[in-house]
Amino acid sequence: MSEKLSVSPSGEKFPLPKPEDYKAEFENLKKRVEKERSKGREIVVVMGVGFVGAVMAAIVADTADKKGQPTKFVIGMQRPSARSYWKIPLLNRGVSPVKAEDPEVDPMIERCVKKKKTLIATYTYDVLKLADVVVVDVQCDYLKESLGNVRNGRTDMAALEASLGVIAEHIPADALVLIETTVAPGTTEQVAYPIMKKAFKKRGIKTDPLLAHSYERVMPGRNYVASIRDFWRVCSGINEKAKKRVVKFLNEVLNTEKFPLTVMDRPIESETAKIVENSYRATILAFLDEWSLYAERNGVDLIKVIKAIKVRPTHSNIIFPGPGIGGYCLPKDGGLGVWAYKHILGFEDNIFKITPMAININDTRGLHVGQLVRDALRNMGQPIAAADVLVLGAAYREDVGDTRYSGSEIIVRKLTEMGAEIRVHDPYVEHWWEFEQQDTYPGVGQSKARFFRNQEKLKETRIEQDLNKALKGAEAVIFAVPHEAYLNLDPDKVVKTIGQPAAIIDCFGILTDDKIRRYFQLGCEVKGLGRGHIQRIKDEIRKG
Ligand SMILES: NC(=O)c1ccc[n+]([C@@H]2O[C@H](COP(=O)([O-])OP(=O)(O)OC[C@H]3O[C@@H](n4cnc5c(N)ncnc54)[C@H](O)[C@@H]3O)[C@@H](O)[C@H]2O)c1
């Protein structure tokens with residue numbers, strides 16, 4: 001039988017562990033933990049070493065006392081699926097399993113693994129038997145069944161529920177279990193607690209599990225580490241003992257002197273805080289979608305309008321939405337709340353209006369970019385069908401390599417449906433799995449491909465990382481993400497590299513009026529989300 005393999009993003013192949021490997025792995029772990037305990041170190045198991053867990057594990061492993069001595073020994077635990085197993089051998093080499101633009105991430109992981117020797121990773125659930133603290137960083141997804149209707153979806157907590165069951169079957173009775181996963185409100189007390197209590201009973205443990213919740217506010221990007229360690233946290237526990245333990249733990253591992261903890265009475269309040277926090281953000285972004293269209297149709301530059309409003313301190317967080325609101329959190333968190341109201345908390349009425357509407361608007365905002373590209377090409381006498389369109393930026397925001405739910409995905413899918421030939425450039429993204437593996441990513445039957453026609457060929461999508469190569473011959477160029485590499489491009493050089501005038505589409509307000517003017521002078525057509533004044537610039541040039 002052929003060996004089962006897990007392949008890292010750089011293409012390195014790792015054979016999955018075999019049943020006979022588990023025993024030896026656990027024996028090694030036991031010896032190592034005994035040694036670390038004798039040094040007075042607390043044993044922390046971080047479950048799920050993805051975007052959040054990998055960096056959180058390193059932050060905990062980096063914790064030291066006043067004399068600079070490490071106080072925690074951290075074991076990242078990751079299930080050995082073909083998709084994720086490679087993260088374990090990489091971590092054990094001191095290599096970060098997540099690609100990060102924050103210069104702190106790579107050296108921190110290397111330092112903890114190789115120098116301080118406070119961080120390792122494993123695939124065996126038995127490691128939980130050795131834990132003083134378990135930090136849960138596995139995903140909890142919200143699966144949408146249609147495009148632009150978040151109500152028609154459901155929470156998928158299979159991975160989280162499975163993890164909690166396994167944790168309760170293995171941990172010592174007095175281990176703290178800290179759920180950091182963003183969950184549907186009510187989960188800690190009404191889903192996690194019963195699962196764990198039942199497993200505890202089976203094991204003859206009479207005490208309650210020490211369950212706590214504290215959500216992550218991590219922002220992958222330049223301040224990845226700081227957004228976990230040097231940032232405010234909200235937490236709670238299911239009882240006084242759990243609450244005290246979680247406060248103690250977070251005070252030890254995070255910079256709570258400068259960024260104090262907020263302790264809530266009950267986990268549902270901490271869970272709700274996360275959902276409201278992200279729904280608020282999703283809402284203020286969605287709100288500008290209608291004004292963006294209004295601006296395009298009435299000669300208004302929404303970018304300048306926002307700048308004018310922002311100077312007023314009470315309105316300083318008004319932000320231009322770009323071609324869609326992605327990332328792992330904003331598109332789903334409101335959905336978790338709306339779903340929980342009915343399916344965990346048991347209400348049948350429909351009190352939520354704004355939260356689902358905001359997500360629906362954000363999820364479909366990118367579709368309009370298809371119309372802008374179509375119209376710009378038409379003005380140049382060319383149909384969208386078979387046009388060579390270059391999308392600049394695949395990530396969900398500037399200067400990160402995370403493509404989850406990015407607005408660019410919708411742009412690519414819509415334009416492909418309209419018959420365009422798409423090429424993509426992104427300096428931070430090596431593989432766009434949403435396309436390359438759309439049959440199985442983010443899950444079987446879950447790809448947004450199913451909401452569009454003509455998507456099959458997108459499996460061939462490969463990211464070009466050389467901008468000049470990418471630009472060559474493009475008939476339309478879409479500035480989809482404001483990555484640094486795109487901010488200061490000179491129109492003359494761009495058009496020269498392309499080799500002909502092209503349709504230029506600005507989705508993020510990155511083109512100054514001078515640049516827009518220059519592109520027109522060079523024979524290009526320019527359009528932009530929320531940038532109605534472009535027509536005026538075009539008229540000026542025509543008259544002049
Ligand atoms: N990524 C972000 O920017 C961000 C920000 C704030 C909060 N969050 C929240 O943090 C949580 C984790 O998100 P993420 O981005 O790290 O997800 P992720 O998918 O990158 O990581 C989850 C990891 O858990 C592993 N896993 C799943 N089931 C497991 C099991 N039974 N045992 C062991 N490991 C298991 C997966 O293989 C994966 O490696 C989510 O609730 C998310 O909403 C994420």
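All of these numbers come straight from a predicted model, not from anything done at the bench. Indexing begins at 1, ligand by ligand and atom by atom, following the structure's order.
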- Query: Of Val138, Val98, Val52, which has the heavy atom at the shortest distance from atom 29 (C) of ligand 1?
  - Reply: Val138

- List every atom of ligand 1 that sits less than 4.0 Å from any heavy atom of Met47, numbering the atoms from 1 in the order shown and giving each element. 32 (N)

- Message: Return the closest protein heavy atom for atom 41 (O) of ligand 1 as residue, atom name and distance.
- Response: Thr182 N, 2.8 Å

- Looking only at heavy atoms of Lys274, does any of them come nearer than 4.0 Å to an atom of ligand 1? yes

- Note on the structure: Looking only at non-hydrogen atoms, the one of Met77, Glu161, Gln78 nearest atom 36 (C) of ligand 1 is Gln78

- Should the pair Arg404 and Tyr328 be classed as cation-pi, given the thresholds of under 6.0 Å to the six-membered ring centre and 45° from the axis? yes

- Query: Checking Ser84 side chain against Ser81 main chain: does a donor-acceptor pair fall under 3.5 Å?
  - Reply: no

- Query: Relative to the heavy atoms of Tyr328, which atoms of ligand 1 are at a distance of less than 4.0 Å?
  - Reply: 13 (O), 15 (O), 40 (C), 42 (C), 43 (O)

- Message: Quick check on Lys87 - does any of its heavy atoms sit under 4.0 Å from an atom of ligand 1?
- Response: yes

- May I ask whether Gly327 has any heavy atom positioned less than 4.0 angstrom from an atom of ligand 1? no

- Query: Is Lys332 in contact with ligand 1, taking contact as a heavy-atom separation below 4.0 Å?
  - Reply: yes

- Query: So which heavy atom in the protein is nearest atom 32 (N) of ligand 1, and how far is it from that ligand atom?
  - Reply: Tyr125 OH, 3.3 Å

- Just jot down the ligand 1 atoms closer than 4.0 angstrom to any heavy atom of Asp137, in number order. 12 (C), 22 (C)

- So is Lys129 actually on top of Phe26's ring, under 6.0 Å and inside 45° of the axis? yes

- Item | CZ/Arg151: more than 12 non-hydrogen atoms of other groups inside 6.0 Å | yes

- Query: Is the number of heavy atoms from other residues, nucleotides or ligands within 6.0 Å of CD1 (Ile319) greater than 12?
  - Reply: yes

- Does a side-chain N-to-carboxylate-O contact under 4.0 Å join Lys30 and Asp126? no

- Message: List ligand 1 atoms under 4.0 Å from Ser163, heavy atoms only on the residue side.
- Response: 29 (C), 30 (C), 31 (N)

- Task: Just need the protein heavy atom nearest to atom 20 (O) of ligand 1, so name the residue and atom and give the distance.
- Result: Phe51 N, 3.0 Å

- Query: Are any side-chain N or O atoms of Arg365 and backbone N or O atoms of Asn362, one a donor and one an acceptor, separated by less than 3.5 Å?
  - Reply: no

- Note on the structure: Note: heavy atom closest to atom 5 (C) of ligand 1, options Val218, Ile167, Asp402, belongs to Val218

- Validation row: Tyr405, Leu330 side chains within 4.5 angstrom (heavy atoms): no

- Who's the nearest protein heavy-atom neighbour of atom 3 (O) of ligand 1, and how far? Pro220 CD, 3.3 Å

- Using heavy-atom distances, let me know which of Gly50, Gly53, Gly48 sits nearest atom 21 (O) of ligand 1. Gly50

- Arg233 to Phe249 six-membered ring, cation-pi geometry met (6.0 Å, 45°): no

- Message: Has Lys72 got a side-chain atom pairing as donor or acceptor with Val253's backbone, closer than 3.5 angstrom?
- Response: no

- Query: Got Glu398 and Tyr486 here, is their nearest side-chain heavy-atom distance under 4.5 Å?
  - Reply: no

- At what distance is the nearest protein heavy atom to atom 27 (C) of ligand 1, and which residue and atom is it? Gln139 OE1, 3.2 Å

- Those atoms of ligand 1 less than 4.0 Å from some heavy atom in Ser84: 37 (O), 39 (O)

- Under-4.0 Å salt bridge between Asp174 and Arg245: no

- Query: Is the closest heavy atom of Cys329 to ligand 1 under 4.0 Å?
  - Reply: yes

- Task: Just jot down the ligand 1 atoms closer than 4.0 angstrom to any heavy atom of Thr181, in number order.
- Result: 41 (O)

- Query: With no hydrogens and no angle check, is any side-chain donor or acceptor of Thr181 less than 3.5 Å from a backbone partner on Val138?
  - Reply: yes

- Query: What's the shortest distance from atom 33 (C) of ligand 1 to any protein heavy atom, and which residue and atom give it?
  - Reply: Arg79 N, 3.4 Å

- Closest to atom 1 (N) of ligand 1 among Arg404, Met219, Glu216 (heavy-atom distance): Arg404

